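In what follows, every heavy atom counts, from backbone to side chain, and hydrogens, waters and symmetry copies are set aside. In this text the structure is predicted, and so the values were computed from the model without any measurement.
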Amino acid sequence: MKPAVSTTVSSSQFVSRLFSDPEFVKEAAEGISLFIQDKIREKGFSRKIIDPTYISPKDLVPTEHTDQPAIMVERDVDARAMTVPLRGRGEFRYHETDRYTVYFQKIVSEKIRKSKMEMMTVKTDYKKLFRDRISEAMYEVEDLTVMGGVHKVLNDEEAAYKAANGGDLASQGNKTFSSQTVYFNNGETLDKSNLVFLFQMPTRNRIANKNVLLTETLIQELMHMTMQEVGDSVVSKFWEDGVDNISDFWNKKIVTTIKSHIIKNNEIYTFAPQDMYGHFFILQDHTSYMEVDRDMMTMDSEAYIAHAIGNTKGVYRGVFTDLEE
């Protein structure tokens with residue numbers, strides 16, 4: 001994409017043009033929109049787990065009870081589906097009909113207001129401030145939304161498993177487990193045998209597992225694994241490139257994050273391939289708006305997204321007790 005001038009001008013030029021050139025205001029907003037979208041792809045983990053599907057207005061379907069935009073999704077006859085609210089807060093809906101409705105929800109960033117006098121006298125790179133504050137807040141909403149669905153599915157599955165088995169989880173050696181979550185006992189860590197058990201859980205439900213999500217803190221446990229367990233080329237890659245640069249392992253795509261307030265440092269998740277797990281729909285990608293009224297500048301950003309889990313058997317969790325913060 002052609003970079004906007006707003007990303008290349010100096011901070012003083014940015015402020016000066018912002019309050020004197022109406023065309024530059026639009027250009028600056030477009031430049032910040034592109035930055036936010038790129039930053040979300042780079043730092044947010046949800047779009048690495050589920051590739052976005054972009055929806056046009058002609059794909060929307062009318063609904064009887066709301067003007068909220070919606071699309072119709074086909075459900076696999078052998079799978080249970082779920083629609084997920086933003087941030088995982090609100091009403092989760094399970095679906096067992098052949099088709100179900102997915103509603104788009106609007107993400108709105110904080111509204112930033114700055115006066116011309118402040119922007120001229122305070123030595124701050126306002127281009128960077130606007131881009132970073134808005135992008136961080138927006139991709140956090142996406143990540144919280146995806147993980148809200150994950151936690152709801154797994155917690156409900158575990159509760160159902162206990163209800164069907166006298167209130168207990170299954171137990172075997174160093175672990176207790178349901179069909180989709182395994183808890184490893186104290187002293188256990190991310191080693192070969194525990195990874196194998198976690199990776200085998202989806203196959204017991206006739207589901208492939210493709211993507212693995214964990215924190216950079218937890219993935220460093222892989223450095224304890226020996227050359228005989230993972231091969232000398234993998235061990236060399238750990239030490240030469242760092243575990244945070246590992247993009248695949250055992251034919252699995254590895255996604256890491258430093259956001260331990262969303263993914264705990266003692267948790268690891270595996271996901272089925274996208275066509276067997278879920279949907280991340282985008283009706284309008286993150287778009288910034290900037291207005292200048294006399295000596296005041298106002299800026300915010302918005303997007304319309306929707307998330308649905310097409311198969312609730314498509315996600316699994318491993319929990320290590322001795323790494324919890």
Keeping the roles fixed (side chain from [X], backbone from [Y]), state whether a donor-acceptor pair exists under 3.5 Å.
X: Lys152; Y: Val84; result: no
X: Asp59; Y: Ser56; result: yes
X: Glu157; Y: Ser179; result: yes
X: His286; Y: Glu302; result: no
X: Ser33; Y: Ser288; result: yes
X: Asn209; Y: Phe199; result: yes
X: Gln68; Y: Tyr103; result: no
X: Gln274; Y: Asp51; result: yes
X: Asp295; Y: Ser115; result: no
X: Thr97; Y: Arg99; result: yes

Pairing residues for Tyr139 by the ring-ring contact (aromatic ring centres under 6.0 Å, His included) criterion, not counting sequence neighbours: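 With neighbours one apart ignored, the set is empty.
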
Is any side-chain heavy atom of [X] closer than 4.5 Å to a side-chain heavy atom of [Y]?
X: Tyr269; Y: Val150; result: yes
X: Glu142; Y: Ile305; result: yes
X: Leu190; Y: Leu214; result: yes
X: Lys162; Y: Leu169; result: yes

By side chain to side chain contact (heavy atoms under 4.5 Å, CB included), Asn165 pairs with (sequence neighbours left out) Tyr161

Those residues at least two apart in sequence (or on a different chain) that pass side chain to side chain contact (heavy atoms under 4.5 Å, CB included) with Val292 are Leu18, Phe19, Val25, Met297

**Q.** Closest contact, heavy atoms only, Met72 versus Val61
**A.**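 Of all heavy-atom pairs spanning Met72 and Val61, the closest is N-CG2, 4.1 Å.
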
Would you call the rings of Phe271 and Tyr277 parallel, tilted or perpendicular, where under 30° means parallel and over 60° means perpendicular?
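Perpendicular: the ring planes of Phe271 and Tyr277 meet at over 60°.
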
Practice item. Measure up the Phe197 and Phe184 rings against each other and bin them: parallel (under 30°), tilted (30 to 60°), perpendicular (over 60°). Key: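 Rings of Phe197 and Phe184: perpendicular, as their planes differ by over 60°.
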
Give, for atom [atom1] of [X] and atom [atom2] of [Y], the distance between the pair rounded to the nearest 0.5 Å.
X: Glu118; Y: Met296; atom1: CD; atom2: CE; value: 8.0 Å
X: Arg317; Y: Ile268; atom1: CZ; atom2: CD1; value: 13.0 Å
X: Thr287; Y: Asp285; atom1: OG1; atom2: CG; value: 6.5 Å

For this session: Check the hydrophobic clustering (I, L, V, M, F, W, Y; side-chain heavy atoms under 4.5 Å; chains of links allowed) and say if Val141 and Met299 are grouped together.
Result: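 Hydrophobic grouping puts Val141 with Met299.
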
Under a 3.5 Å threshold, yes or no: a donor from one side chain and an acceptor from the other, between Thr83 and His95?
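Distance-only check passes for Thr83 and His95.
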
- Query: Taking atom types as modelled and ignoring hydrogens, do the side chains of Asp300 and Ser109 form a donor-acceptor contact shorter than 3.5 angstrom?
  - Reply: no

Margin query: A cation-pi test, strictly: NZ or CZ of Arg47 under 6.0 Å from the centre of the six-membered ring of Phe280 and no more than 45 degrees from its axis. Yes or no?
Written below: no

